[in-house]
Amino acid sequence: MTADDGPAPATGDPPILVREEWTPPPVAEVLAQYAGRSIDSATALRGAARVRDSFNRARQAAAKKQVEQKAARRAARSA
């Protein structure tokens, strides 16, 4: 198109966007590198214990926060 042709015809079609086609690798291909690994039970137990401890701390913190909120509401009503 040159400047002499005038404005481009309005076709109503959206402009064509060129983008890179990339898809993640298949799950089986990603997990294949871990297929031959042996499981270290001591490490697995340690990791599970850490997760349990973290979960218990979070649950205790949530319970404490809930008790504090209830106490604050109770104090606000009685004041």
Could you go through residues 61-71 and list every donor-acceptor pair under 3.5 Å that involves a side-chain atom there, pairing it with any protein atom two or more places apart or in another chain?
none

Contacts of Gln60 that satisfy side-chain contact (heavy atoms from CB on, under 4.5 Å) - sequence neighbours left out: none
Residues which pass side chain to side chain donor-acceptor pair (under 3.5 Å) with Arg59, listed by chain and number, not counting sequence neighbours: Asn56
All side chain to side chain donor-acceptor pair (under 3.5 Å) counterparts of Asp53, not counting sequence neighbours: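 Asp53 satisfies side chain to side chain donor-acceptor pair (under 3.5 Å) with no residue once adjacent residues are dropped.
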Run the side-chain donor-acceptor check on residues 35-43: report pairs under 3.5 Å with partners two or more places apart or on a different chain.
| from | atom 1 | to | atom 2 | distance (Å) |
| --- | --- | --- | --- | --- |
| Asp40 | OD1 | Ala42 | N | 3.4 |
| Asp40 | OD2 | Thr43 | OG1 | 2.6 |
| Thr43 | OG1 | Arg46 | NH2 | 3.4 |

